[in-house]
Amino acid sequence: MKVRFETFGCRLNRAEALDEEARYIADGWQVTGHRSDADLIVVRGCSVTRRAERDTLKLIEHLKEKYPAAKIRVTGCIGKREQDILAPKTTEATPLRTSRAYLKVQDGCSGKCTFCIVPKFRGPSVSVDFEKVMDKAKRFIEAGYREIVVTGCNLSLYASCSKRLPDLLSSLAALAPRSQDEPFRIRIGSLEPGICDMECVSVMASNPNICRFLHIPVQSGSPQILAAMKRPYLVRDVDNLVKAAVKAMPLISVGCDLMTGFPGEMDIDFQATLSLLKRLNFSNAHIFPYSERPGTLASQMGGALPREIRIERARLLSSFAMAQRKRYAKKFIGRKVEVVIEDEKECSGWTGEYLRFKSAGVGFGNSFKRKGLYGFVVTEVKDDVLKGRPLR
């Protein structure tokens with residue numbers, strides 16, 4: 001029996017998809033890269049934005065029409081639409097087809113953000129048992145993974161066995177590889193301000209094998225809009241977090257999520273978000289226009305902005321964000337970076353700072369393997385892509 005996986009959405013969705021893929025493999029299924037010969041197609045959907053849900057549902061209808069012989073199972077953040085067949089029994093296994101391992105440690109969210117539908121699908125915050133997390137991380141390392149991405153719906157809420165997120169990160173960073181010649185690194189998926197953020201910064205700064213990358217779901221630089229969103233932090237909390245991270249790790253890459261056109265967003269609110277983007281010099285930004293999600297409080301608010309204004313504001317932010325990313329990338333010329341290889345042929349992958357890297361030459365033969373972690377010296381930067389030569 002052959003199974004094909006289609007996954008939309010965030011790192012958490014990808015982590016869950018990889019776990020599910022591993023369970024199917026352990027139960028004797030063969031994963032296929034082609035829809036046409038799949039007996040079962042598993043669609044892990046996303047409803048975070050209206051467009052994401054629309055794309056998910058569009059794909060499902062397309063699959064039903066074009067591949068009528070295949071059974072389709074829908075899961076993820078898409079409501080209660082599990083259908084056709086149950087997943088095979090749960091067994092533990094290791095994902096096989098990725099260059100980085102996604103370690104899910106937490107699910108759900110206890111927040112009350114007015115724009116977010118996710119808590120309705122995933123429920124309140126639940127954390128994976130600390131010992132189970134550590135055991136799975138060890139097995140990822142033993143299986144040859146050299147980067148473990150710690151994921152969750154709201155990582156800041158992790159709590160298990162008297163361990164919080166800073167404790168978990170410290171313990172993961174301290175795991176011993178089989179030899180000193182096989183280093184590994186930990187990457188934090190996303191971190192909300194105000195809960196355990198400063199402690200996490202301290203742990204990051206104390207552990208060189210935690211990636212110098214911090215992603216913050218900021219959403220807005222306007223105090224009024226953050227309040228309307230019911231976000232659990234203030235603008236000054238974002239400022240303090242980024243400044244503390246940069247002070248402790250000067251070359252850290254700081255990313256963010258920013259939303260434009262939330263109901264009631266005035267020009268002064270947009271300018272506050274633009275000012276925040278510039279002031280904190282984010283090097284990686286996910287920017288998107290607000291979209292109404294039925295079932296959320298925000299969808300019932302007045303003051304909706306025309307779609308074209310939302311899109312134009314997102315375009316303006318994206319333009320500034322890309323310019324900042326290019327400037328940040330240039331700081332690495334002449335510096336050493338560590339890269340997890342994703343494509344052996346072109347010797348390319350991602351640095352710990354979440355910058356794309358490609359080798360400046362060819363002819364490395366079989367020296368660099370997919371999933372491996374290698375050192376390079378950056379010799380040039382094209383747009384926001386680093387190029388360089390191996391250290392050895």
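Bear in mind the structure is a predicted one, so any value in this text is a computation, not a measurement.
- Enclosure of atom CZ in R35 by more than 12 non-hydrogen atoms of other residues, nucleotides or ligands within 6.0 angstrom is indicated.
- For F332, the ring pair (Phe, Tyr, Trp, His ring centres under 6.0 Å) partners at least two apart in sequence or on another chain are Y328.
- Remark: aromatic rings of Y145 and F184 are distant, center separation not under 6.0 Å.
- A continuous path of hydrophobic side-chain contacts links V203 to L103 [ILVMFWY only; heavy atoms under 4.5 Å].
- Counting heavy-atom neighbours within 6.0 Å of M1 CE, excluding the residue itself, gives a total above 12.
- Ionic pairing of E6 and R4 is present here: one or more N-O contacts between side-chain nitrogen and carboxylate oxygen are shorter than 4.0 angstrom.
- A donor-acceptor contact closer than 3.5 angstrom links the side chains of S125 and Q106.
- For the pair K58 and E61, the salt-bridge criterion is not met [side-chain N within less than 4.0 Å of a carboxylate O].
- Using a cut-off of 4.0 Å between Lys/Arg side-chain N and Asp/Glu carboxylate O, E265 and R313 are scored as salt-bridged.
- For D384 and K326, the salt-bridge test fails: no basic side-chain N is under 4.0 Å from an acidic carboxylate O.
- The ring pair (Phe, Tyr, Trp, His ring centres under 6.0 Å) test applied to Y158 returns no partner, not counting sequence neighbours.
- The pair E147-R185 counts as a salt bridge, with a side-chain nitrogen and a carboxylate oxygen less than 4.0 angstrom apart.
- Crowding of R279 atom CZ: a count of heavy atoms from other residues, nucleotides or ligands under 6.0 Å exceeding 12.
- Counting heavy atoms from C-beta outward, R325 and N284 have side chains that approach closer than 4.5 Å.
- Using a 4.0 Å cut-off between a side-chain N of Lys or Arg and a carboxylate O of Asp or Glu, K330 and E380 do not qualify as a salt bridge.
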